[in-house]
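Since we're looking at a predicted model, the values are computed, not measured.
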Amino acid sequence: MATILVTGGAGYIGSHACKALKKAGHLPVTYDNVSTGWRDAVRFGPLEEGDLTDRSRLDQVLAEWKPDAVLHFAALSNVGEATRKPGLYWRNNVGGSLTLLEAMTAAGIAKIVFSSTCAVYGECDRPAETTTFSPLNAYGGSKAAVERMLADFRAAHGLRSVSFRYFNVAGADAEAEIGEAHDPETHLIPLAIQAATGRRDALSVFGTDYDTPDGTCIRDYVHVEDLVDAHLRGLDYLGADGAETTFNLGTGRGFSVREVICEVGEVLGTAVPHVEAPRRIGDATALVSGSDLALKELGWRAERSTLPQMISSAIAWHQKGGGYS
Ligand code: UDP
């Protein structure tokens, strides 16, 4: 059994990672300031409340738990907010990660799996891990900077890291125990479910004049359980001293906003009320993975990431309440 510090363990992906770690026999210790996450989502191990920028609190928690490795999810991740408030993203995501890496180095903790994003690529057709960064917003920029920071810490301090560049994460765990809940919600699938079930007004479709077959943006959706499976493989890969450091996590298949809306309607058996709206600043036209490096190196493939599987599991969670108290 390993002790794994999970920053952001109270959030959507972090809480699913904690559940998977526990299932695999590990102890997930959540480190979270609960600013965008939920105490009630921390069900699989202890919660240590703290901010990533708080070095003394981090030192204290690392000394207490002596984790074997860190899964680093904690970050602000709203593209619209990042565009309006870049300073917030640079301070929290980059400054917070720097504080974490310095605390880990001082404590002699040498393994980290980092949540990066396909937003590092910007407007780019089927990027591979070698594709040059060109982020369109401070969210992608902040994640690209942390990847660079990890490379420098690797060279200077021997810190071993794996960065996963997520495409769009969707769905909920098979038991519908935990799921995707943001306040305010900004993500397409939960918003579409809420609109279709009368929990909110019509969904706005951000941009219908993109250069895509139906005019709406295209994204590559991955089931959250597939995504966290890659993290467990990443931990093993670090342990085995794997050579690669960066992996795209996507299926290589994209769906437009209209296709997602249609599928939500299909699974629920009722149309999703929606209206056409202007483009959202900071959005790329299409983000679809162009790599199978994760398959080659980690043996990872997306097993549950068809659109009906992801949407059905998200709906199951919403039908059980779809939120935390
Ligand atoms: N989107 C939309 N209406 C919404 C929320 C999202 O049309 O109310 C679109 C958004 O412009 C993007 C896609 O849905 O093209 C996925 O957005 P989401 O915020 O879920 O994830 P992101 O791609 O920003 O990580």
Side-chain angles (χ1 to χ4, degrees), residues 1-22 26-78 81-82 85 87-117 138-139 142-143 145-147 149-150 153 157 159-164 166 178 180-183 228 231 234-235 238 323-325:
M1 182 183 96
T3 299
I4 310 293
L5 188 81
V6 183
T7 77
Y12 169 43
I13 303 168
S15 58
H16 284 81
C18 288
K19 182 162 183 173
L21 284 167
K22 187 173 179 201
H26 303 305
L27 174 67
V29 177
T30 291
Y31 186 83
D32 202 300
N33 66 5
V34 209
S35 64
T36 56
W38 310 91
R39 270 182 203 90
D40 196 23
V42 184
R43 302 176 179 198
F44 314 103
L47 167 63
E48 293 284 4
E49 280 195 49
D51 199 282
L52 271 184
T53 56
D54 183 345
R55 174 65 190 270
S56 61
R57 178 74 181 127
L58 268 173
D59 285 345
Q60 192 187 26
V61 170
L62 293 179
E64 185 184 340
W65 291 100
K66 299 185 179 39
D68 300 286
V70 175
L71 293 189
H72 179 28
F73 296 99
L76 297 173
S77 63
N78 180 322
E81 184 184 53
K85 301 179 188 170
L88 185 63
Y89 277 65
W90 284 91
R91 182 170 305 106
N92 186 78
N93 293 0
V94 180
S97 297
L98 175 57
T99 311
L100 174 67
L101 297 197
E102 287 179 330
M104 286 176 64
T105 307
I109 297 156
K111 289 189 262 177
I112 181 167
V113 177
F114 172 59
S115 299
S116 188
T117 170
Y139 171 60
S142 69
K143 292 285 183 174
V146 177
E147 285 195 23
M149 197 188 289
L150 287 166
F153 273 69
H157 304 299
L159 179 70
R160 278 182 286 154
S161 63
V162 163
S163 296
F164 286 124
Y166 306 164
I178 46 176
E180 180 172 18
H182 301 98
D183 186 17
V228 302
H231 289 68
L235 283 173
L238 282 176
Y324 298 104
S325 46

Going by the angle between their ring planes, with limits at 30° and 60°, are F164 and H231 parallel, tilted or perpendicular?
tilted
Search all heavy atoms of [X] against all heavy atoms of [Y] and return the closest pair with its distance.
X    : Y   : result
P28  : V6  : CB-CG2, 4.1 Å
D32  : G11 : OD2-N, 4.0 Å
A103 : L58 : CB-CB, 4.2 Å
A74  : G8  : CB-N, 3.5 Å
L5   : P67 : N-CB, 3.8 Å
E64  : E48 : OE1-OE2, 3.5 Å

Indicate yes or no: at least one non-hydrogen side-chain atom of [X] is less than 4.5 angstrom from one of [Y].
X    : Y   : answer
L52  : N33 : no
T99  : D51 : no
I178 : F44 : yes
T30  : C18 : yes
Y166 : I13 : yes

Any side-chain to backbone donor/acceptor pair from [X] onto [Y]? Under 3.5 Å, distance only.
X    : Y    : result
D68  : A2   : no
Y324 : G37  : no
K111 : L235 : no
K85  : A82  : no
N93  : L76  : yes

For the CH2 atom of W38 and the CG atom of D183, what is their distance to the nearest 0.5 Å?
5.0 Å
Distance (rounded to the nearest 0.5 Å) between M104 CE and I112 CD1
4.5 Å
Begin from the C-alpha positions of W65 and L27 and carry the test side chain to side chain contact (heavy atoms under 4.5 Å, CB included) through to its verdict.
CA-CA 10 Å; W65 291 100; L27 174 67; 3.7 Å; yes
Looking at H16 versus F73, is the centre-to-centre ring distance below 6.0 Å?
no
In sequence, state the C-alpha distance, the side-chain angles, and the governing distance for R43 and K22, and then conclude on side chain to side chain contact (heavy atoms under 4.5 Å, CB included).
CA-CA 10 Å; R43 302 176 179 198; K22 187 173 179 201; over 6 Å; no
Can M149 and L98 be said to form a side chain to side chain contact (heavy atoms under 4.5 Å, CB included), step by step?
CA-CA 8 Å; M149 197 188 289; L98 175 57; 3.9 Å; yes
So which of S97, S161, S163 actually passes side chain to side chain donor-acceptor pair (under 3.5 Å) with H72?
S97
Between the side chains of E81 and Y139, is a donor N or O closer than 3.5 angstrom to an acceptor N or O?
no
Pair T36, N78 - check side chain to side chain contact (heavy atoms under 4.5 Å, CB included), show working.
CA-CA 11 Å; T36 56; N78 180 322; over 6 Å; no
